[in-house]
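Since the model is a prediction, treat every value here as computed from it, not as a measurement.
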Amino acid sequence: MSPEFLTQAVDVLAGLFIFAIGIFFAVLAVLYFIDRRQNSDAVRHNYPVIGRFRYIFSTLGEFFRQYFFAMDREEMPFNRAEREWVSRAASGKGNTIAFGSTKNLTPEGTPIFVNCPFPTLEADAAQCETLVIGPYAEKPYEAPSIFNISGMSFGALSVPAVRALSNGAKMAGCWMNTGEGGLSPYHLEGGCDIVFQIGTAKYGVRDPDGTMSDDRLRDVAAHEQVRMFEIKLSQGAKPGKGGILPAAKVTKTISEIRGIPMGTDSISPNRHPEIDSVDDLLDFIERVRRVTGKPVGFKSVIGAYGWLEKLCEKIHERGIESAPDFITVDSGDGGTGAAPMPLMDNVGLLVRESLPMVANTLYKYGLRDRVRLIASGKMVTPSGVAWCLCAGADFVVSARGFMFSLGCIQALKCNKNTCPTGITTHNPRLQSGLNPELKSVKVANYCKNIVKEVETLAHSCGVHEPRRLRRYHVRIVQQNGKTVPMDDLTPWPEVVPMARDLAATCERDKLHI
């Protein structure tokens, strides 16, 4: 390499460097001029250019925090310890830890499971039993798994994400809830059991005017994989408000499946117009069950609760077969969907209060064995699932736990089309990093490991399988630091006179719970 060439190369690089420096200062001058001339932002006006870093650091702060600043148990809505447990479970790696728990076990409300001095031997342990849902439906569902995938609609989730969940659910033997966005080919692709959710906009089963179509209901029910139908009254992210799908996510495929126009925000009504009372709710449930021949229940965040007692009274008036086949109790502390902050933060009871309340109400009216209870809301680790079973749930469903198993990094971009992991975006470039074939294995591993660890907790408490867990198997930390058994805090109520004919069923179910 000749000296002349090196000299010329250095001159060119020096020239480019000087040019880049010039461009840099020119951009700074333009930004300075813009910031000084505008008066909509006082920080940028008073501190031109430098003031812009405030917004850059605010935007990047949520990402830096989880990697550099937050302790293992500090973050919300899920902390590093929880996310790493899911990651290890989904990867099929060992889930043991060393040197003691990093969890603070003293705050009021913390559940502590009561280990038995004579735990169940592995040789005597039993796997979770299947449970029949919808005994009065034409085609009852014998549900095999205590842990299942909660409602996340195609539209909110990407194609590869739905594919991975469908295939993973089949491998794990659990069901997958479609969410309110209708039934897509990608839900059916894996061959798993499907729970079809009917949202307030009736996506997938609607006529052009937005009312529910019996013909389209029959078409959906004709798929053998569709095992149950869930009527969504409300969800944890936004009680009292309908679903929101930004226009950027309404692709041609989603438009066809939902029956909505492209290029506009898809906003569901804040409730079903046909349902304005408990009588209307029972009528709607009966209509869907008659048309489909399959079990039908509803999902709701519990706030006001007097209506639950009225619902039970109406069931006794109409007959036991009129009852919903299941109730999904969602927690009021948010979910995966886009939602106004006041609703996500401050509306609806948390599942820790509402689940025992609903279980008690059903028990009080002799319906606990008739209506299956499904718990939903931030249960992503075995202890949360086990607590729900102690409180009275028959099944537990999770959305965000399965998102973590797909590779979610809690970037908090679910309401935009910029999810960096490809889970909640329809940007092909971002989706390309999500391999459904590989991620489906992680979905299955996560589900299987949750069930396995819940079984381990049950055996530690001295019972053969998780559904034998009772309220007295968990104690709750009080303000003074001491613990009280859950069955003392929320005892089972007396059965009302109108339910005395079902007393034997209640007693059997009390043992079951």
Closest non-hydrogen atom pair between [X] and [Y], with its separation:
X: Ala143; Y: Ile133; answer: CB-CD1, 4.1 Å
X: Ala359; Y: Arg368; answer: O-CD, 4.0 Å
X: Thr200; Y: Glu180; answer: N-OE1, 4.2 Å
X: Pro466; Y: Leu389; answer: CB-CD1, 3.6 Å
X: Lys314; Y: Val278; answer: CG-CG2, 3.8 Å
X: Ala323; Y: Arg370; answer: O-NH2, 3.1 Å

If only atom types and distance count, is the side chain of [X] paired as donor or acceptor with the main-chain N or O of [Y] below 3.5 Å?
X: Asn445; Y: Ala90; value: yes
X: Asn148; Y: Val397; value: no
X: Thr425; Y: Gly422; value: no
X: Tyr305; Y: Val358; value: no
X: Arg471; Y: Ala391; value: yes
X: Thr292; Y: Val288; value: yes
X: Ser376; Y: Asp330; value: no

With rounding to the nearest 0.5 Å, note down the distance linking [atom1] in [X] to [atom2] in [Y].
X: Ser398; Y: Asn177; atom1: OG; atom2: CG; result: 12.0 Å
X: Trp307; Y: Thr361; atom1: CH2; atom2: OG1; result: 10.0 Å
X: Ile275; Y: Phe298; atom1: CD1; atom2: CZ; result: 9.5 Å
X: Asp280; Y: Arg287; atom1: CG; atom2: CZ; result: 12.0 Å
X: Ile149; Y: Ile194; atom1: CD1; atom2: CD1; result: 8.5 Å
X: Phe154; Y: Thr178; atom1: CZ; atom2: OG1; result: 12.0 Å

Sequence-distant partners of Tyr141, ring-ring contact (aromatic ring centres under 6.0 Å, His included), two or more places apart: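 Result, ring-ring contact (aromatic ring centres under 6.0 Å, His included) vs Tyr141: none returned.
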ring-ring contact (aromatic ring centres under 6.0 Å, His included) partners for Trp175, two or more places apart: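 So Trp175 forms a ring-ring contact (aromatic ring centres under 6.0 Å, His included) with Phe395.
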Check whether any side-chain heavy atom of [X] lies under 4.5 Å from a side-chain heavy atom of [Y], and answer yes or no.
X: Thr421; Y: Leu434; result: no
X: Met486; Y: Pro111; result: no
X: Cys312; Y: Lys364; result: no
X: Pro324; Y: Ile315; result: yes
X: Asp276; Y: Arg271; result: yes
X: Tyr365; Y: Leu311; result: no
X: Pro436; Y: Glu189; result: no
X: Ile374; Y: Val396; result: no

Pair up each side-chain donor or acceptor in residues 164-172 with any protein partner under 3.5 Å, not counting sequence neighbours, and list the distances.
residue, atom, partner, partner atom, Å
Ser166, OG, His187, O, 2.7
Ser166, OG, Gly190, N, 2.8
Asn167, ND2, Arg163, O, 2.8

Exercise: do Glu230 and Gln197 side chains pair donor with acceptor under 3.5 Å: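 Glu230 vs Gln197: donor-acceptor pair found between side chains.
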Does [X] come within less than 4.0 Å of [Y], counting only side-chain N to carboxylate O?
X: Lys202; Y: Asp209; answer: no
X: Glu313; Y: Lys310; answer: no
X: Asp215; Y: Arg218; answer: yes
X: Asp325; Y: Lys294; answer: no
X: Asp283; Y: Arg318; answer: yes

Residue pair Tyr203, Ser268: steps toward the side-chain contact (heavy atoms from CB on, under 4.5 Å) verdict: CA-CA 9 Å; Tyr203 295 132; Ser268 304; 3.5 Å; yes
Derivation of the side-chain contact (heavy atoms from CB on, under 4.5 Å) call for Ile285 and Ile231: CA-CA 8 Å; Ile285 289 170; Ile231 299 164; 3.8 Å; yes
Pairs touching residues 191-201 that satisfy salt bridge (charged side-chain N to carboxylate O under 4.0 Å, His left out), sequence neighbours left out: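 Output for this query lists Asp193-Arg227.
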Residue pairs passing the salt bridge (charged side-chain N to carboxylate O under 4.0 Å, His left out) test where at least one lies in residues 434-457, sequence neighbours excluded: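 Found none.
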Geometric class of the His272/Phe284 ring pair [parallel <30°, tilted 30-60°, perpendicular >60°]: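 Plane angle between 30° and 60°, so tilted.
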Worked verdict on Trp387 versus Arg352 for side-chain contact (heavy atoms from CB on, under 4.5 Å): CA-CA 9 Å; Trp387 178 90; Arg352 299 231 175 235; 3.2 Å; yes
Residue that, paired with Ile327, satisfies side-chain contact (heavy atoms from CB on, under 4.5 Å) out of Val371, Ile302, Leu233: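 When side-chain contact (heavy atoms from CB on, under 4.5 Å) is applied between Ile327 and each of Val371, Ile302, Leu233, only Val371 qualifies.
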Contacts of type side chain to side chain contact (heavy atoms under 4.5 Å, CB included), residue Val220, not counting sequence neighbours: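 With neighbours one apart ignored, the set is Leu183, Phe196, Val205, Val226, Phe229.
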Pair Met357-Leu349, side-chain contact (heavy atoms from CB on, under 4.5 Å): steps then yes or no: CA-CA 10 Å; Met357 179 193 303; Leu349 298 178; 3.8 Å; yes
Neighbour count >12 (heavy atoms, 6.0 Å) for atom CD, Glu274: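 Yes, because the 6.0 Å sphere around CD of Glu274 holds more than 12 heavy atoms from other groups.
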